[in-house]
**Q** 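Handing you a structure now.
Computed from a prediction, not measured in an experiment: that's the story for all the values here.
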Amino acid sequence: MVKRIKVLSEEDIRRSLSRIAHEILERNRGLEDVVLLGILTRGAYLAQRLADFLKSVENRPVPVGKLDVGPFRDDDKRSGQDLSEIPFDLRDKIVILVDDVLFTGRTVRAALDAVSKRGRPRAVQLAVLVDRGHRELPIRADFVGKNLPTSKARERINVCLKECDGEDAVYIVHLEE
């Protein structure tokens with residue numbers, strides 16, 4: 001039997017994104033040269049939400065793009081077609097990668113390769129809704145909504161967003177032994 005426990009509600013997610021937006025502003029002393037790249041799929045939705053929070057605070061838009069890391073992966077999830085949508089230049093920008101869950105770090109490594117293929121940003125920062133631990137690469141998030149330590153083999157994190165899942169929630173899923 002699979003057991004699913006809700007660990008973040010819609011309001012928890014909203015609060016986390018609001019806090020991350022304020023941390024981004026504080027760390028970068030505003031939004032000058034800041035761009036957001038959401039890692040497909042859920043990271044793209046979270047990036048747009050962060051952009052909305054940032055605009056409400058600073059009263060100016062933040063460029064948002066969608067980054068497909070599939071062609072840059074080094075594992076079985078590799079795909080050939082690049083579905084990225086980045087309507088701006090990354091050179092000399094502060095690129096904030098946005099993803100739903102940070103786990104092994106392999107997706108972020110692929111994202112860094114995808115970004116470097118498109119130009120040399122001044123800096124790259126990472127914002128994630130959930131950090132579940134178990135890194136296989138030396139990668140850490142600059143901005144974290146919630147740290148949720150998990151069992152690598154017996155648990156996974158399921159992020160649900162209204163845009164693609166019909167609800168905003170984060171669950172820990174306990175897998176059968």
**Q** Is there side-chain contact between L25 and E58, with heavy atoms separated by less than 4.5 Å?
**A** yes
**Q** State, to 0.1 Å, how close P87 and G65 come at their nearest heavy-atom pair, and which atoms those are.
**A** CD-CA, 4.4 Å
**Q** Please examine the side chains of I96 and V34, heavy atoms only from C-beta on, and report whether any two atoms are closer than 4.5 Å.
**A** yes
**Q** Evaluate I39 against V98 for side chain to side chain contact (heavy atoms under 4.5 Å, CB included), listing each step before the verdict.
**A** CA-CA 6 Å; I39 298 173; V98 181; over 6 Å; no
**Q** In Å and rounded to the nearest 0.5 Å, what is the CG to CG distance from L102 to L97?
**A** 11.0 Å
**Q** Nearest 0.5 Å, please: how far is CZ in R120 from CG in D92?
**A** 9.0 Å
**Q** In terms of side-chain geometry, is the basic nitrogen of D52 or R49 positioned less than 4.0 Å from the acidic oxygen of its partner?
**A** no
**Q** Tell me whether E136 is salt-bridged to R106, with the criterion being a basic N under 4.0 Å from an acidic carboxylate O.
**A** yes
**Q** Quick one: are R4 and N158 in side-chain contact, heavy atoms under 4.5 Å?
**A** yes
**Q** Step through the shown structure and confirm whether more than 12 heavy atoms of other residues, nucleotides or ligands are within 6.0 Å of CZ on R60.
**A** yes
**Q** Would you say the side chain of L148 lies within less than 4.5 Å of the side chain of V170, judging by non-hydrogen atoms?
**A** yes
**Q** Just how far is it from atom NZ of K93 to atom CG of L37, taken to the nearest 0.5 Å?
**A** 12.0 Å
**Q** Under the rule for side-chain contact (heavy atoms from CB on, under 4.5 Å), what residues qualify as partners of L83, not counting sequence neighbours?
**A** L40, D68, Q81
**Q** Within this structure, what is the NZ-OG1 distance for the pair K66 and T41, rounded to the nearest 0.5 Å?
**A** 9.0 Å
**Q** Going from CG on D99 to CG on L126, what distance comes out if it is rounded to the nearest 0.5 angstrom?
**A** 7.5 Å
**Q** Determine whether F143 and V128 make a side-chain contact, defined as any pair of heavy atoms from C-beta on separated by less than 4.5 Å.
**A** no
**Q** Just list the side-chain donor-acceptor pairs under 3.5 Å for residues 109-118, sequence neighbours left out, or say none.
**A**
from	atom 1	to	atom 2	distance (Å)
R109	NH1	D113	OD2	2.3
R109	NH2	F72	O	2.9
S116	OG	L112	O	3.3
S116	OG	D113	O	3.0
R118	NH1	A114	O	3.0
R118	NH2	D82	OD2	2.6
R118	NH2	S84	OG	3.3

**Q** So do the side chains of R132 and R156 get within less than 4.5 Å of each other, counting heavy atoms only?
**A** yes
**Q** Under 4.5 Å between side-chain heavy atoms, counting indirect links through other Ile/Leu/Val/Met/Phe/Trp/Tyr residues: same cluster for V108 and V95 or not?
**A** yes
**Q** Report yes if some heavy atom in the side chain of K152 is under 4.5 Å from a heavy atom in the side chain of F103; otherwise report no.
**A** yes
**Q** Quick one: closest heavy-atom pair of A127 and I20, and the distance?
**A** CB-CG2, 4.1 Å
**Q** Go through it in stages, so that I can follow the logic: the residues are K3 and V173, the test is side chain to side chain contact (heavy atoms under 4.5 Å, CB included), and I'd like the CA-CA distance, side-chain angles, deciding distance and then a yes or no.
**A** CA-CA 6 Å; K3 188 165 92 174; V173 179; over 6 Å; no
**Q** Between I139 and I94, is there shared hydrophobic-cluster membership here, with clusters defined by ILVMFWY side-chain heavy atoms closer than 4.5 Å?
**A** no
**Q** Filter on salt bridge (Lys or Arg N to Asp or Glu O under 4.0 Å), then keep only pairs touching residues 137-150, sequence neighbours left out; what's left?
**A** R27-D142
**Q** Closest approach of A141 and V144, non-hydrogen atoms and distance?
**A** CB-CG2, 3.5 Å
**Q** So, does H174 use its side chain to make a donor-acceptor pair with the main chain of V2 at under 3.5 Å?
**A** no
**Q** Please test V35 against F88 for side chain to side chain contact (heavy atoms under 4.5 Å, CB included), starting from the C-alpha separation and ending with a verdict.
**A** CA-CA 9 Å; V35 299; F88 45 83; 3.6 Å; yes
**Q** Kindly indicate whether the side chain of L129, heavy atoms from C-beta on, has any atom under 4.5 Å from the side chain of V101.
**A** no
**Q** Just wondering, more than 12 heavy atoms not from D74 lying within 6.0 Å of its CG?
**A** yes
**Q** For a quick check under 3.5 Å, do T107 and R73 share a side-chain donor-acceptor pair by atom type?
**A** yes
**Q** Do F53 and V62 belong together in a cluster built from hydrophobic side chains that touch within less than 4.5 Å?
**A** yes
**Q** Using a strict 4.0 Å threshold on nitrogen-to-oxygen distance, state whether E26 and R19 make a salt bridge.
**A** no
**Q** Please determine if R42 and D165 form a salt bridge, counting it only when a charged side-chain N lies under 4.0 Å from a carboxylate O.
**A** yes
**Q** For the side chain to side chain contact (heavy atoms under 4.5 Å, CB included) test, which of D100, I172, I157 pairs with V130?
**A** I157
**Q** Rounded to the nearest 0.5 Å, what separation is found between the CG atom of L31 and the CG atom of L36?
**A** 8.5 Å
**Q** When you check the gap from the basic side-chain N to the acidic O, do R14 and E10 get nearer than 4.0 Å?
**A** no
**Q** Kindly give the heavy-atom pair with the smallest separation between V64 and A51, and that separation in Å.
**A** CG2-CB, 3.3 Å
**Q** Do you know the tightest heavy-atom contact between K6 and A169?
**A** CE-CB, 3.8 Å
